[in-house]
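Here's the structure, in structure tokens; my notes come after.
Along the sequence shown, residues are numbered consecutively beginning with 1.
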Amino acid sequence: MLSGLDVSARAETKLPDAIAAPGETVILTAHAEGAQVYECKATADGKLAWAFREPIASLLVDGKTVGRHYAGPTWEHVDGSSVTAKSAGSAPAATANDIPWLKLQVTASHGKGVLSGVTTVQRINTKGGKLEGACDKAGTFKSAPYSAEYVFLKNS
């Protein structure tokens, strides 16, 4: 469950309407540390550019690893519960180097545990993770370190 620190930190973060989840209740807030992985691919005009491939991150609560985040996008808790979601809204991050804040609608849920019943995931307070521009060789990969807070919510 949430500690007092999580609740007050969340209260200070004014969420943009595009990613707000009115009427939903917070189940868990986890800090993520990891990387956004990009692949060098040809664009529609034939030029090579970095394209997002997948996230790879550890989920932490009070400094302890409680799960992981990976392609899908999927969030998996150590208790065996997991959710997969799709983007349902986006808002700009604090700087141009930060990946956007997101609202994600859960499309699949597995296992019994803290993430069962989650309907929405918000990605907020992002730092880093953005990689844009040209690249030299198709099929090469590059990681951009990032951190974020993931807020897991359910319908009230």
Side-chain angles (χ1 to χ4, degrees), residues 1-3 5-39 41 43 49-132 141-156:
M1 291 317 241
L2 293 174
S3 70
L5 178 63
D6 290 326
V7 172
S8 63
R10 187 153 155 70
E12 293 168 12
T13 303
K14 171 70 175 117
L15 296 180
D17 290 344
I19 66 161
E24 295 193 45
T25 303
V26 175
I27 299 298
L28 175 72
T29 298
H31 178 74
E33 288 285 342
Q36 299 284 308
V37 180
Y38 294 83
E39 182 177 0
K41 288 186 169 184
T43 61
W50 293 111
F52 176 71
R53 180 181 167 95
E54 64 188 333
I56 300 172
S58 294
L59 300 176
L60 307 150
V61 173
D62 296 328
K64 294 183 178 122
T65 301
V66 298
R68 62 192 187 115
H69 173 44
Y70 54 91
T74 300
W75 296 264
E76 184 179 288
H77 195 272
V78 292
D79 67 11
S81 61
S82 68
V83 293
T84 302
K86 66 177 181 179
S87 183
S90 179
T95 77
N97 294 323
D98 303 331
I99 54 177
W101 291 17
L102 296 177
K103 176 181 179 180
L104 301 116
Q105 212 61 49
V106 171
T107 57
S109 183
H110 302 283
K112 299 286 183 212
V114 72
L115 297 181
S116 54
V118 168
T119 52
T120 302
V121 179
Q122 292 167 321
R123 179 177 75 189
I124 62 172
N125 300 330
T126 55
K127 301 269 187 266
K130 206 174 236 190
L131 183 62
E132 296 178 321
F141 297 92
K142 189 168 184 180
S143 296
Y146 90 108
S147 66
E149 304 301 320
Y150 287 100
V151 182
F152 300 90
L153 305 109
K154 72 173 183 177
N155 289 324
S156 298

Could you check if a side-chain atom of [X] sits within less than 4.5 angstrom of a side-chain atom of [Y], using non-hydrogen atoms only?
X: H77; Y: L28; answer: yes
X: L115; Y: I27; answer: no
X: W101; Y: N125; answer: yes
X: Q36; Y: L131; answer: no

What is the minimum heavy-atom distance between [X] and [Y], and which atoms define it?
X: T74; Y: S82; value: CG2-CB, 4.4 Å
X: G67; Y: V78; value: N-CG1, 3.9 Å
X: S147; Y: E33; value: CB-OE2, 3.6 Å
X: L104; Y: P73; value: CD2-CG, 4.0 Å
X: T119; Y: K154; value: OG1-CA, 3.3 Å
X: V66; Y: V61; value: CG2-CG2, 3.7 Å

Name the orientation class of the two ring planes belonging to F152 and W75 (parallel below 30°, tilted from 30 to 60°, perpendicular beyond 60°).
perpendicular

Is there a donor-acceptor contact under 3.5 Å linking the side chains of S109 and S116?
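Short answer, no.
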
Less than 3.5 Å apart, any donor N or O on the side chain of S81 or D79 sitting next to an acceptor on the other?
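Yes - a donor-acceptor pair under 3.5 Å links their side chains.
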
Any donor and acceptor pair, going by atom type alone, linking the side chain of T126 with main-chain N or O of I99 inside 3.5 Å?
yes

Please say which of R68, H69, H110 ends up in a side chain to side chain donor-acceptor pair (under 3.5 Å) with E76.
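Among R68, H69, H110, the one that satisfies the side chain to side chain donor-acceptor pair (under 3.5 Å) with E76 is R68.
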
Rounded to the nearest 0.5 Å, how far does [atom2] of [Y] lie from [atom1] of [X]?
X: N155; Y: T25; atom1: CG; atom2: OG1; value: 8.5 Å
X: S87; Y: Q105; atom1: OG; atom2: CD; value: 10.0 Å
X: L59; Y: K64; atom1: CG; atom2: NZ; value: 15.5 Å

Starting from the C-alpha separation in whole Å, work towards a yes-or-no answer on side-chain hydrogen bond (donor to acceptor under 3.5 Å, both in side chains) for T84 and T107.
CA-CA 6 Å; T84 302; T107 57; 5.5 Å; no

Show me the donor-acceptor pairs, under 3.5 Å and distance only, between side chains in residues 50-57 and residues at least two apart or in other chains.
unit_1: R53; atom_1: NH1; unit_2: E39; atom_2: OE1; d: 3.3

K130, NZ: over 12 other non-hydrogen atoms inside 6.0 angstrom
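Yes, because the 6.0 Å sphere around NZ of K130 holds more than 12 heavy atoms from other groups.
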
